[in-house]
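Beneath this line is the structure, given in structure tokens, with notes to follow.
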There are 2 protein chains.
Amino acid sequence: MAEPKGSAPVFAALGDENRLRLVSRLCAAGPMSITRLTAGSNVTRQAITKHLHVMEEAGLVRGARHGRESVWQLDRRRLQDARHHLDLISKQWDDALARLRKFVED
Amino acid sequence: MAEPKGSAPVFAALGDENRLRLVSRLCAAGPMSITRLTAGSNVTRQAITKHLHVMEEAGLVRGARHGRESVWQLDRRRLQDARHHLDLISKQWDDALARLRKFVED
DNA sequence: TTCATATGCAACCTCCTGGTTGCAGGATAG
DNA sequence: CTATCCTGCAACCAGGAGGTTGCATATGAA
């Protein structure tokens with residue numbers, strides 16, 4: 001019902017160690033080029049590129065060409081959507097517990 | 001650094017429409033048997049079973065045998081871990097923005 | 001111009017995933 | 001006891017994910 005309906009791709013995009021690390025780095029150090037992201041990772045530049053595109057597809061990140069390098073940065077909105085979704089689930093859960101308690105106590 | 005290091009599997013487990021729906025239903029209607037979960041879904045019972053096991057592996061859900069049926073319910077902890085992880089990222093992001101602003105203004 | 005750097009594109013490979021079907025077995029209702 | 005219901009297990013399949021290599025191309029530096 002209160003299902004944002006598009007959260008699954010975001011979670012899927014976050015469901016990979018390398019991608020989660022990319023998010024972390026982009027978050028902590030700000031926008032970065034692909035080669036800089038590749039340095040400090042144990043996979044190929046193309047792997048990084050693919051991950052970035054996956055996350056871009058999910059709306060987590062966006063990149064722009066600056067001269068001869070393409071710089072990527074976080075896009076916070078979908079991240080907050082995901083957070084909101086988890087909050088909804090938690091709240092729903094609490095309500096269910098409350099109802100159950102009331103039902104048992106009566 | 002502040003990397004919980006085990007969040008990726010949780011996000012991966014949430015990164016599927018069917019699984020997200022299962023979470024929603026278990027959350028809203030409480031513990032349920034596999035067949036009841038299968039009814040109201042457009043996939044096979046075995047598919048549901050597999051999804052449940054994936055989520056169990058991620059710590060999102062747990063099941064117990066009751067008589068001849070196995071009843072599954074949410075486990076909230078990992079869900080909150082994931083929420084916390086997203087919060088951390090958001091906070092880190094805010095800090096980065098603040099630092100950037102300060103740097104630009106000076 | 002010429003060379004080095006940063007990226008993009010495409011092919012290829014392996015393994016996992018989501019899904020199915022078929023069958024066997026344990027628990028219950030009559 | 002027997003039929004029925006709920007589940008588990010195993011095999012199987014198509015497609016996608018993550019990763020690599022090789023080559024082509026654009027941009028910046030000397």
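All values reported here derive from a predicted model rather than from experimental measurement. Convention: sequence-line order gives letters A, B, ...; per-chain numbering from 1.
Pairs engaging residues 19-45 of chain A under the ring-ring contact (aromatic ring centres under 6.0 Å, His included) rule: none recorded [sequence neighbours left out]. Pairs passing the salt bridge (charged side-chain N to carboxylate O under 4.0 Å, His left out) check and including a residue from residues 85-94 of chain B, sequence neighbours excluded, read R76(A)-D94(B), R83(A)-D87(B), K91(B)-D95(B).
The one candidate from R21(A), R19(A), Q46(A) that meets the side chain to side chain donor-acceptor pair (under 3.5 Å) condition with H51(A) is R19(A).
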Next item on the list: Can you check each nucleotide of nucleotides 21-30 of chain D against protein heavy atoms at under 4.0 Å and return B for base, S for sugar-phosphate only, - for none, in 5' to 3' order?
Entry: BB----BS--

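Straight-line distance from the CG atom of L20(A) to the P atom of dG18(D): 13 Å, rounded to whole Å. Rounding to whole angstrom units, NE2 of residue H53(A) and C1' of dG8(C) are separated by 9 Å. Taking atom CH2 on W72(A) and atom C1' on dA6(C), their separation rounds to 14 Å, with Å as the unit. One interatomic measurement links the two molecules: CG of L52(B) to C1' of dT7(D), which rounds to 12 Å at whole-angstrom precision. One can place CD of E56(A) at 10 Å from P of dG8(C), the figure rounded to the nearest angstrom. Per the geometry, CG belonging to L22(A) stands 10 Å off P belonging to dG19(D), to the nearest Å.
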Which pairs of donor and acceptor atoms, one on a side chain in residues 29-41 of chain B, lie under 3.5 Å apart (sequence neighbours left out)?
residue, atom, partner, partner atom, Å
S33(B), OG, T35(B), OG1, 3.2
S33(B), OG, R36(B), N, 3.3
T38(B), OG1, I34(B), O, 2.8
S41(B), OG, V43(B), N, 3.3

With a cut-off of 3.5 Å and sequence neighbours excluded, list every side-chain donor-acceptor pair involving residues 8-15 of chain B.
none

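For W93(A), there are no ring-ring contact (aromatic ring centres under 6.0 Å, His included) partners two or more places apart in sequence or in a different chain. In this structure, the side chain to side chain contact (heavy atoms under 4.5 Å, CB included) partners of E56(B), at least two apart in sequence or on a different chain, are H53(B), V61(B), W72(B). For S90(A), there are no side-chain hydrogen bond (donor to acceptor under 3.5 Å, both in side chains) partners two or more places apart in sequence or in a different chain. Not counting sequence neighbours, the partners of R62(B) by the salt bridge (Lys or Arg N to Asp or Glu O under 4.0 Å) test are D75(B).
Within 6.0 Å of atom CD in E57(B), 12 or fewer heavy atoms from other residues, nucleotides or ligands are found, so the atom counts as exposed in its surroundings.
Between A96(A) and C27(B), the shortest heavy-atom distance links the atoms CB-O, 3.4 Å. Closest of all the heavy-atom pairs between A58(A) and R78(A) is O-NH1, 3.3 Å. Of all the heavy atoms in A28(B) and Q92(A), the pair that sits closest is CB-NE2, 3.4 Å.
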Shorter than 3.5 Å, N or O on both sides, protein versus nucleotides 15-18 of chain C: list them out with atom names.
residue, atom, partner, partner atom, Å
dG18(C), OP1, R19(B), NH1, 3.1
dG18(C), OP1, R19(B), NH2, 3.2
dG18(C), OP2, R19(B), NH1, 3.0

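Note on the helix from dT1(C)-dA30(D) to dG30(C)-dC1(D): angle between the axes of the first and last five pairs equals 30°, rounded to 10 degrees.
Non-hydrogen atoms lying under 4.0 Å from DNA chain D are contributed by nothing in residues 29-42 of chain A.
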